[in-house]
Structures are given as structure tokens and as C-alpha cells.
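Worksheet: one structure, shown below.
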Number of protein chains: 2
Amino acid sequence: MTHHRTRPDRGRSALGPALQLVHTGRAPTRAVLTAELGVTRATAGAVAAELQGLGLITVDARPAVAAGAQGRPSHRLAVDPGGPVVLAAQVHADGFRAALVGLGGTVVATAPGCGDVDPDPVRVLRQVVAAGVELLERTGRRCVGAGLAVPSAVAEPEGTALNPLHLAWPPGAPVRALFAECLADAGVTGPAPGAPALGHAANDVNLGALAEHRHGAGRGAQHLLCVATGHRGVGGALVLRGRLHTGSSGLALEVGHLTVDPQGRPCHCGSRGCLDVETDPLALLDAAGREPGPESSLLHQARELLRTGFPGDPAVRDAAHLLIDRLGLGLAGLVNILNPDRVILGGLHRELLRADPERLRAVIAERSLWGRSGEVPVLACSLEHNSLVGAAELAWQPVLDDPLLIQEV
Amino acid sequence: MTHHRTRPDRGRSALGPALQLVHTGRAPTRAVLTAELGVTRATAGAVAAELQGLGLITVDARPAVAAGAQGRPSHRLAVDPGGPVVLAAQVHADGFRAALVGLGGTVVATAPGCGDVDPDPVRVLRQVVAAGVELLERTGRRCVGAGLAVPSAVAEPEGTALNPLHLAWPPGAPVRALFAECLADAGVTGPAPGAPALGHAANDVNLGALAEHRHGAGRGAQHLLCVATGHRGVGGALVLRGRLHTGSSGLALEVGHLTVDPQGRPCHCGSRGCLDVETDPLALLDAAGREPGPESSLLHQARELLRTGFPGDPAVRDAAHLLIDRLGLGLAGLVNILNPDRVILGGLHRELLRADPERLRAVIAERSLWGRSGEVPVLACSLEHNSLVGAAELAWQPVLDDPLLIQEV
DNA sequence: CCGCTTTGTTCACCGCGCGCACAAAGCGAG
DNA sequence: CTCGCTTTGTGCGCGCGGTGAACAAAGCGG
């Protein structure tokens, strides 16, 4: 063996950043691409041409609008709507979802979800991949990767799901490896033509945060904190400068066990009054004196309760206020530690924010240390299926880092 | 105006990374520099030659030891002990300290500390800078920057000290601007010859963490969490992939108000049982039934109490165990949120770790969620004046990012 | 219609880093 | 001691990505 190079020096170095700018909608024209990349117009032009040649973006010489603009109208850059896609999938307590997602976070095709609960991850993943393959065949799109969102912490770098309890899967299931295996069996290809796709897999809240950061309410944030509930428990995620912060072993932002009520109910973690058990859908139903239904409908039930009973029904109102106060306490703690410049809430937390935004913001402002931190914007998540789009982001990432991957041998 | 370039394309791009490798001791020879940079030997040689020409590193053709090594012995790369220095300073409750620090974190010269407490930051900073200038004149070294460590959160990007209470300074004092002003008045130069130095300033715990990461117990850590006490209160810091994480406005890692004892004593933050008031030196003295002395000696007093009374004195032992349990709870919470791969403790926390490491590690392992997180190494900080060295790191950073700065017009 | 402004493109040039050659410096076997 | 063997250091030609400055193009307004 002669010489091992870590940087294979593949092509233009500005190619990846340029594609990311178009992908996130921050480079609508070659002119702003030039400015954002900090290169000359010549280089930006060459880069755009190369991306166009790869079939990733389109250049439209006829701009629709040019109202009052000075000088020569610029050509419009956009993600190629007919370009390659990735297979994005999400498994959750209610079943799974599969879709094809193009650049720009656009969902190209969706498979009808399946509602079965199956304790065997391999069977589920086979179904997921089969649904994706069916979409690929029907649409005839080229696939350049696959990503999976899982309602569990995923350990890095192994890619094992540590607590997929809502899925009835065994703890420690090697979801990434299993997903990759199913993809290989089904012949799903990755960025490089012909080569099998890697099985990207990560936690669903993390992926939702990533999607919100790139295409949703988190756009432009430097340090984005997301907190969301499913049916049970609370998840968190942090996006730092555009990259997901998963910690050294993928277990960061396990925010469920922050203490938000010293006198609260006991938690399986050994403490009491944890965010997990004090602000999830079950906690709302409990506080409002409602009988909880089956686990896989808790979020629905709590949501409906809020929609119909807030602020009219005093029991619902008091229960919501209680949860908002506790959530605010937990968020204030996180703000003190992470100092994000934006906070996005999902699941029931989003509904709590919608119900009484002033109260939540007031609690956070009061309990976070410095006035300025208290002014951190708290927003509702804005993407329909942000975990799914986030799974697609994961799959797109290698191409976003090096677009030439999709044409290599 | 013609064209604005963001990247001035100054020289070799690998120059900065190479200097950082030598600076942190990760590139003792040209051979490993080649491997670490991922370039060819030719390029690494050219880079080393350029850094040598800048007077930043030395190349020693005669290696001292070559025991049992195969092949041609490699030349040794090292930081130039006679190279430029930065002015590093630290202000604290007991006064201030000033020093000259070269590359590699080596303290070249130290000024005798001054123990005065002065409510006027400008007077203090003038003294600090005067002490530094005296050192520069005495040693005749070239100064390429200045950094200051402050026992207060420093807001970004303003550079104001939000709560310099231990210094009796007014909250919100613009330390960075004041420091820069004093430096300019004294004629202290920055990286570019002739140009005045920027006044780099940051929180002391943050800077201590940075120093530990580059030259101390944190070397090689990907995600390093540091927690330390002064005389009162608790500070935290996080180093992510070699860069300090200060959050979006410099207020990250305000860990003092994590709840570690729901029934604990009230804190000025409005809650009770905060890490701040439950694990600082005053808390130990209180728990052991000792009368606290003056504020500026609390750390000393608590340290001595532990050294002499642990584990012999039952009151001291119980008090220490209590603090260890609470500290462990707080650290477990932080580990759950940040998932670091190493934790370093300073101040009284370091002494608590020394006193009973097993107990502390057991608490963290028990309360952090996943077994693997519980195995995160918890170490004592290892540098004598880590805040001072960290202040120097801050000042060196521009040069580490672009070594050619020190020769530009 | 001609300036003005901004955008896109062409082209010569330049410097960084590669790849390869060869030299240098130790070690060990014969 | 000499001859391989291994690893490290260096000189040289070259490719290529990006610059910079030209020119062309495309609207707008007087």
C-alpha cells in the first residue's frame, strides 16, 4: 500500500456548501450564492453549473418576479423537483410511515401508514423498506439514501435503540444495522450508483429538530432547542450551527428527568417530579381528572381535551396551567444550561404553548437567570411530519457534504 | 468599491491546523503531522518550514530518544520557547494575576498578584495591564494578544460581565471593551505588528475548561464538561470538539440552578436546593457545623476542612457525603443533557472527588439514565492556573486559526 | 435611444497541494 | 562492514480550483 489520504480531494470544495444553501432555500439566485459562499461570481457560476449537471438543482433564466429591482435580473436557483430522492421512514407507536423526500425537504410521495404493532423490529423494517421500494418503483425516481426515525434514544456509534418501549421492541435493538440489512436485501441504493444504501437512523425528536432547523420554524437559528412529547415521556434535541448535537454517544438531550416539581409523582428513574411524568399527555389527563385511554392515543386525547376544554372548562384550564408552569420550569433549566437562541415545541408541548403562550413565556423568563435569556423566542414546530423530513435530512447529509458522491464509481 | 471577499485567501490553508497540533502537543514530529493533517509529506514539510519561519515552532533534527524505532528517525517539532507570547490575566475575589504565556500553554513569566479589591473595573484593569506591560518590557518578548478571565458570566457578543459580584464590580460592566481600552492605552499589540490588541475576555470557568481540554486532564476529549466552584456558587463549561460552547449569548452552562435537593435551602433564584447553594464551600462548612470565615477564604477553609477532617471527623465525613451526593445528582442531570465523554471538576468539587471518588461515580452512574453514560470518566482538573492558561488560549486563538496574522501589515 | 446598475461568462494566471522521484538516516542480518 | 529494509525529508513537474479583470447581457429610467 502506498499512501493513505484522508481527504480524497474530490472536486470543488465549495460544492457541498453551495448545495446546502440551495437546499435550505438560502440561495435563491446565483448572486446571493456568490455572497453566501464568499467566492467570485465566476466560481459560483461554475459551482451552480456543476450542481445542475449532477441533476440536483435547476437554473431558471426567466425569473417570475423582478419588482423594482435594479440591474440585470438574476437567474433563479432551485432544487430540481425531478431530481433524486431519499427514502425516509418513521416508526412509532401507531405503526410506521414511509415516504420519498427530495432536496429542499419536499415530500415527493407517501405510502399509506400501517398501524400494526409488532415486537420484531426486523419484520417492521422489512415492511417499511418494502413500502419505500414500492414508492420508488411507482415513481421511477433515483434513490440516493435512506433514513429512519425511531422513538427511542439511539446510541452512537453503534446505532442501537436503547429504549424503544413504545414499539414493544427489545431494548438495545441494533436498528441501524437491521435497517441497513433490510435496505441491502431490497436493493435500495445509496449515493454512489449501485452501492447499497447506508441505514441512517436516529431519534425522532432529534430528526424533527433537524428538519425544523432547515425547513421549518428553526430556520436561521444558531442554537436551536427542541422539546416534544409523544404519547408518553418527553424528548429533547439540540441543533448547533446546523448540525445535530447528539453528544459523545448519542444520548444527549435526555431531558425527561429534569426535576420540575420536587413534590411530584415518582418516576421510574428513581427521582420524582420529572419533566417526563409531569408534562406528558398522561399528566394532563391525570391533572384534569380524565380517564386515560389506550397508550397509543394519549396524545390525541390530551390534544382534544385542550382544544375543547381550554380555557372554558376550569378543570382543564387548571390542569393546563399546571403543566405549563412545570414545562416552563424545565425549559428555563435547559435555557440556563444550553442558552439557545430559539426554542421549538412539539407534540403536547406545542398545544400547551398555543393554549397560553404568555404564561409559558412568563415562567421561562422568570426562572431563567438573565433577562436576555428570558427573551428567547419560543415557537411551535411548523412542519407536518418533521421527524420524517429529518430522517430524509440524515440520508441527504452525505450528498450535501459532497455532491459528487452521486456520480462516483 | 469593487468586490468584498470574506476569505482573504491568506496562504496555506493547513497552516492553522498544523500550528494547533503542535500547540496541543499532538504533532511531535513531521511524520505524525503528516498523518494528522491528512496531507503528503511534502506539504507537511512545507507547512512546518513556514511555521518555523514565522518563529512559532522549532525543528530539531537531532531527536533525543529513538529507542527501538524502525526507519529514519524523525525530526522533532516543538513550540518555539523563545517565540511570541500573549498577555494573560485573571481577576478574582482575592485580587488579580497577570502572566505571559507562550504557545503550548507554557507560562513564561508571572507578575506577583495583587490582593486589593476595587469596585472600579477600570482601575483594576489598568493595574492588570500595567503588570503585563512590565513583564513584557522585562522579558523583551513580542506580544501577539491579550486575554482576561473574569469570575462572571460574560455576555456575547457585547463582552459585558453580567454578575461580577465577587469583584464588587457593577453588573453589566463592559469588561471586554474596558480591557481593550486599557491595552490600547498601554500600547499592547495584537497579532498584527503595531496594531493594538483586542481585549479578549471570558468567564474563568469556561477558560479553565478550555485550558484543561488543550493542555490538561481534558486532552483528547470530544465533549468535555467542567464544573467548578470558587468561594461561592458553581460554574460550568462545555468544550465541544475543541471549541468552547458559550451558547448563543455567552450564557450557556449556568449550571448553578439545577435542583439537587427539593427540600434544600432557598436560593436567590427563587427555587430551592440549587447546585449553587448546596455544593459550594459555604454549604460544606454549614453542613459540617463550622463557622464560615470571610468570603474570600471560603474555598481555602472548606479545602482545609476536608483535608484534615475527612474521613476521620464524623461531622466532616457526613457533610462531605451529603455534598458528594448532591453534586452527583447535579452532574447526572448534566450528563443526561449534554452526554459528555469526560467530566472535569475544579475548586471544592475537585476536593470532593479526591475525598471519595467511588461514591461520586456511583451516584452519577445511578442517576444518569443509561449505564454507559454512568461510565463517563470524572477527573480532577490538572493545571495549576487553568483560567489563566485559558485566557491565553483565547488570545492565541486568532493566531492558531491563521498563523500568517502575525506577519501581516 | 443611451447611460446605469447588476448579473453572468470567458480566460489567463497563480499558488496550493499531489504524486513521484530520489536522498538521508538509522537498524539488523549476513 | 556492507547490504538490504524501513521510514523520513526534500525537490520538481503538474493539475486544478479559484481569482481577477475583462466583456457581454439584461432590465430600468431619463
Side-chain angles (χ1 to χ4, degrees), chain A residues 1-19 22 27-53 57-77 402-404, chain B residues 1-18 27-53 57-77 402-404:
Chain A
M1 185 176 301
T2 65
H3 202 74
H4 249 310
R5 314 297 337 296
T6 55
R7 182 163 42 113
D9 201 11
R10 37 173 108 255
R12 247 164 246 281
S13 71
L15 220 50
L19 182 56
V22 179
T29 72
R30 270 211 274 277
V32 313
L33 181 64
T34 301
E36 291 289 322
L37 287 179
V39 297
T40 56
R41 288 203 301 273
T43 309
V47 165
E50 194 158 358
L51 289 177
Q52 188 182 19
I57 72 171
T58 58
V59 180
D60 189 355
R62 294 284 154 167
V65 284
Q70 281 269 39
R72 171 177 172 175
S74 50
H75 300 178
R76 300 200 75 77
L77 301 182
D402 180 8
L404 291 182
Chain B
M1 184 177 302
T2 65
H3 203 72
H4 252 308
R5 315 296 337 296
T6 57
R7 181 164 43 112
D9 200 11
R10 39 175 107 255
R12 249 165 245 279
S13 71
L15 221 50
T29 72
R30 270 211 274 275
V32 313
L33 181 64
T34 301
E36 290 290 320
L37 288 178
V39 297
T40 56
R41 288 202 301 273
T43 310
V47 165
E50 193 158 357
L51 289 176
Q52 189 182 19
I57 72 171
T58 59
V59 180
D60 189 356
R62 294 285 153 166
V65 284
Q70 280 269 39
R72 171 176 173 176
S74 50
H75 299 178
R76 299 201 75 77
L77 302 180
D402 181 6
L404 291 182

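Letters go in sequence order (proteins before strands), and every chain restarts at 1.
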For the student: nearest non-hydrogen atoms of [X] and [Y], plus distance:
X	Y	value
V32(B)	A27(B)	CG2-CA, 3.4 Å
A48(A)	L33(A)	CB-CD2, 4.5 Å
V39(A)	T34(A)	O-CG2, 3.1 Å
L51(A)	A18(A)	CD1-CB, 4.0 Å

Rounded to 10 degrees, the angle between the two terminal axes of the helix from dC1(C)-dG30(D) to dG30(C)-dC1(D), each from five pairs: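 Between the axes fitted at each end of the helix from dC1(C)-dG30(D) to dG30(C)-dC1(D) lies an angle of 0°.
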Mind calculating the distance between [atom1] ([X]) and [atom2] ([N]) to the nearest angstrom?
X	N	atom1	atom2	answer
R76(B)	dA25(C)	CZ	C1'	16 Å
E50(B)	dT10(D)	CD	C1'	16 Å
L33(B)	dG17(C)	CG	C1'	14 Å

- prompt: Taking only residues two or more places apart in sequence, or in another chain, which ones meet Q52(A) in a side chain to side chain contact (heavy atoms under 4.5 Å, CB included)?
  reply: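 So Q52(A) forms a side chain to side chain contact (heavy atoms under 4.5 Å, CB included) with I57(A), V59(A).
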field: From NE2 (H75(B)) to CG (D60(B)), nearest 0.5 Å
entry: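 Rounded to the nearest 0.5 Å, the NE2-CG separation comes out at 8.5 Å.
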message: Rounded at 0.5 Å granularity, tell me how far CG in L19(A) sits from CD in E50(A).
response: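 Result: 11.5 Å between the selected atoms.
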task: Could you tell me whether the side chain of L37(A) reaches within less than 4.5 Å of the side chain of T43(A), counting heavy atoms only?
output: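 Answer no - side chains too far apart.
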Which pairs, protein N/O on one side and nucleotides 5-8 of chain D N/O on the other, fall under 3.5 Å?
unit_1 : atom_1 : unit_2 : atom_2 : d
dT7(D) : O2     : R72(B) : N      : 3.1
dT8(D) : O4'    : R72(B) : O      : 3.4
dT8(D) : O2     : R72(B) : NH1    : 3.1

task: Could you check whether A14(A) gets within reach of a base, just the sugar-phosphate, or nothing at all, counting any heavy atom under 4.0 Å?
output: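 A14(A): backbone/sugar contact only, no base atoms under 4.0 Å.
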Ignoring backbone atoms, establish whether [X] has a side-chain N or O less than 4.0 Å from OP1 or OP2 of [N].
X	N	value
T43(A)	dT19(D)	yes
T40(B)	dG17(C)	no
T34(A)	dT7(C)	no

